[in-house]
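Single-structure report; data block below.
All values below come from the heavy atoms of this structure, side chains included, with hydrogens, waters and symmetry mates left out.
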Amino acid sequence: QVDVTAMAWLFGYVDVTDSTFIAAVLSIAFNPLFWNVVARWEHKTRALSRVFGSPRVACYCLGAVILMLNCVRSHCFTEAMKSQPKLEGLDCHWAYYSGLAILAVGTLFVISSFLALGFTGTFLGDYFGILMEAKVTSFPFSVLDNPMYWGSTAVYLGWSLM
């Protein structure tokens, strides 16, 4: 026998049939799938580098597409959060300010990761043959192995709490 009370409680707060929720889930799943497939395809074929005339230009174009997809994902996430039921216990000042603090820490990790890696280091330059001279070990990589992923997760968690 499986106890489904926790799942039933959760579905009382998440409307999985809501179109904005479905759009958010699809965009969250699509983005990393897209950029990994495209980057691996580029690594094997160098097709984007040929089309754009150089690996650097191709990497910048893919980075721009990834940034636009992330804007779409953030919009879908925001709309889904607005349309979903709220936990009564989170409708208070401490939850809002906790969410704001988590969002701030996440933003710190994301921005400092980007500054440490640069554009091509952040946006899959290694798949285009654009390699860094040395492994980045400065902050935030001195604190976390994957600060961009942890930071992005913290941003969305903080946003959810807010």
Open item on the list: Is there a path of hydrophobic side-chain contacts, each under 4.5 Å between heavy atoms of I/L/V/M/F/W/Y residues, joining L108 to L103?
Closed with: no
Open item on the list: Quick check: closest heavy atoms across L48 and E42, and the distance to 0.1 Å?
Closed with: N-OE1, 2.7 Å
Open item on the list: Can you tell me how far apart OH (Y127) and OG (S49) are? Round to the nearest 0.5 Å.
Closed with: 14.0 Å
Task: Qualifying ring pair (Phe, Tyr, Trp, His ring centres under 6.0 Å) pairs, either residue in residues 69-89, two or more places apart - done: F77-Y156, F77-W159
Open item on the list: Quick check: closest heavy atoms across I130 and C59, and the distance to 0.1 Å?
Closed with: CD1-CB, 4.0 Å
Open item on the list: Between N36 and P32, is there a side-chain heavy-atom distance shorter than 4.5 Å?
Closed with: yes
Open item on the list: Would you say V143 ends up clustered with F141 if hydrophobic residues are merged whenever their side chains have heavy atoms under 4.5 Å apart, either directly or through other cluster members?
Closed with: no
Task: same_hphob_cluster(I28, F21) at 4.5 Å side-chain heavy-atom cutoff - done: no
TODO: Could you check if a side-chain atom of L26 sits within less than 4.5 angstrom of a side-chain atom of F30, using non-hydrogen atoms only?
DONE: no
Task: Spatial distance of atom CD1 (I66) from atom SG (C61) [nearest 0.5 Å] - done: 11.5 Å
Task: Joint cluster assignment, W35 & Y60, ILVMFWY side-chain distance < 4.5 Å - done: yes
Task: Any M132 side-chain heavy atom under 4.5 Å of L117 side chain - done: yes
TODO: Check which hydrophobic residues are tied to V37 through side-chain heavy-atom contacts below 4.5 Å, counting indirect links as well, and list them.
DONE: L33
TODO: Would you list the pairs meeting salt bridge (Lys or Arg N to Asp or Glu O under 4.0 Å) in which at least one residue belongs to residues 68-82, sequence neighbours left out?
DONE: E79-K82
- [ ] First locate atom CG of L157, then atom CD1 of I102, and finally report the distance between them rounded to the nearest 0.5 Å.
- [x] 4.5 Å
Task: Hphob cluster co-occupancy, V51 + L124, side-chain heavy atoms under 4.5 angstrom - done: yes
- [ ] Search all heavy atoms of G106 against all heavy atoms of V155 and return the closest pair with its distance.
- [x] C-CG2, 3.7 Å
Task: Heavy-atom pair with the smallest gap, counting every atom of F119 and A64 - done: CZ-N, 4.2 Å
Open item on the list: Nearest 0.5 angstrom please: L100 CG to Y96 OH, how far?
Closed with: 5.5 Å
Open item on the list: Just so I know, are the side chains of L144 and F109 near enough to count as touching, which here means a heavy-atom distance under 4.5 Å?
Closed with: yes
Task: Rounded distance [0.5 Å steps], CE in M148 versus OG1 in T122 - done: 4.0 Å
Task: Minimum heavy-atom distance between L90 and W94, given as atom pair plus value - done: CD2-CH2, 4.4 Å
Task: Greater than 12 external heavy atoms within 6.0 Å of Y97's OH - done: no
Open item on the list: To the closest 0.5 Å, what do you measure between CZ (F128) and CZ (R46)?
Closed with: 8.5 Å
Open item on the list: In the structure I gave you, are the side-chain heavy atoms of L62 and F34 within less than 4.5 Å of one another anywhere?
Closed with: yes
Open item on the list: Show the nearest heavy-atom pair for residues N31 and L69, with the distance to one decimal.
Closed with: ND2-O, 3.2 Å
